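All values reported here derive from a predicted model rather than from experimental measurement.
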Amino acid sequence: MEKIKEGYGSSYRNMMAEVKRVLSEKDTLFPALKGKKPEIAGFFWFQGFNDQFGDKAPAQYESNMKHFIKDVRKDLKAPKLPFVIAGIGTYGWNGTADPKEGSGTAGVLNGQMAMNNVPEFKGNV
């Protein structure tokens with residue numbers, strides 16, 4: 001079972017490892033900032049393309065995004081870390097100005113925009 005679970009969350013773990021590596025090597029990577037204490041002032045998220053496909057992923061995007069934000073904040077020890085989420089824009093492929101309601105693209109975009117309605121995220125997502 002551990003072998004099966006291993007792949008799940010690997011991208012998240014890799015992302016967090018990279019953030020922590022850069023922070024720990026900051027004096028070498030950014031010599032001009034040597035001796036300064038870094039502050040993660042915000043988090044920009046531009047993702048969602050793959051989640052628009054399949055029977056379940058689009059409908060789960062909203063819940064997944066909420067958990068993702070909470071996990072990032074917890075793991076970076078920044079409970080109010082501001083998030084910027086870039087809305088998916090692939091709906092232009094079908095020649096329309098808006099995603100077709102009920103499509104996977106609409107599911108992801110609606111999930112992204114729904115973060116505005118999460119009470120604990122008000123003012124910082």
>> Rounded at 0.5 Å granularity, tell me how far CG in Asp51 sits from CG in Leu109.
In response: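 Nearest 0.5 Å value for the CG-CG distance: 13.0 Å.
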
>> Would you compute the distance between atom CZ of Phe53 and atom OG1 of Thr105 and round it to the nearest 0.5 angstrom?
In response: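 Reported value, rounded in 0.5 Å steps: 6.5 Å.
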
>> Restricting to salt bridge (Lys or Arg N to Asp or Glu O under 4.0 Å), what partner residues turn up for Arg13, sequence neighbours left out?
In response: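 With neighbours one apart ignored, the set is empty.
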
> Considering residues at least two apart in sequence or located in another chain, which fulfil the salt bridge (Lys or Arg N to Asp or Glu O under 4.0 Å) criterion with Lys3?
Replying inline: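 Lys3: salt bridge (Lys or Arg N to Asp or Glu O under 4.0 Å) contacts with Glu6.
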
Show me, pair by pair, the donor-acceptor contacts under 3.5 angstrom made by side chains of residues 29-45, not counting sequence neighbours?
from	atom 1	to	atom 2	distance (Å)
Trp45	NE1	Gln47	OE1	3.4

>> If you count heavy atoms of other groups shown closer than 6.0 angstrom to NZ of Lys66, is the number above 12?
In response: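 Open.
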
> Do other residues, nucleotides or ligands put more than 12 heavy atoms under 6.0 Å from the CG atom of Asp55?
Replying inline: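 No.
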
>> My understanding is that only residues two or more places apart in sequence, or in another chain, count here; which of them pass side chain to side chain contact (heavy atoms under 4.5 Å, CB included) with Asp75?
In response: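 By the side chain to side chain contact (heavy atoms under 4.5 Å, CB included) rule, Asp75 matches Tyr12, Met16.
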
In residues 116-125, what donor-acceptor pairs under 3.5 Å come from side-chain atoms, sequence neighbours left out?
from	atom 1	to	atom 2	distance (Å)
Asn116	ND2	Met113	O	3.1
Lys122	NZ	Asn116	O	2.8
Asn124	OD1	Arg73	NH2	2.9
Asn124	ND2	Lys80	O	3.4

> Hey, quick one: are Phe46 and Val72 part of the same hydrophobic cluster, counting side-chain heavy atoms closer than 4.5 Å, chains of contacts allowed?
Replying inline: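 The answer is no; the residues belong to distinct hydrophobic clusters.
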
> Under a 4.5 Å side-chain heavy-atom rule over Ile, Leu, Val, Met, Phe, Trp and Tyr, are Ile85 and Met15 clustered together?
Replying inline: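 Yes, because Ile85 and Met15 connect within a single hydrophobic cluster, where side-chain heavy atoms sit under 4.5 Å apart.
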
> Of all residues at least two apart in sequence or in a different chain, which pass the side-chain hydrogen bond (donor to acceptor under 3.5 Å, both in side chains) check with Glu2?
Replying inline: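 Here no residue qualifies.
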
>> In the structure I gave you, are the side-chain heavy atoms of Lys70 and Lys74 within less than 4.5 Å of one another anywhere?
In response: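 Result no, sub-4.5 Å side-chain heavy-atom pair not found.
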
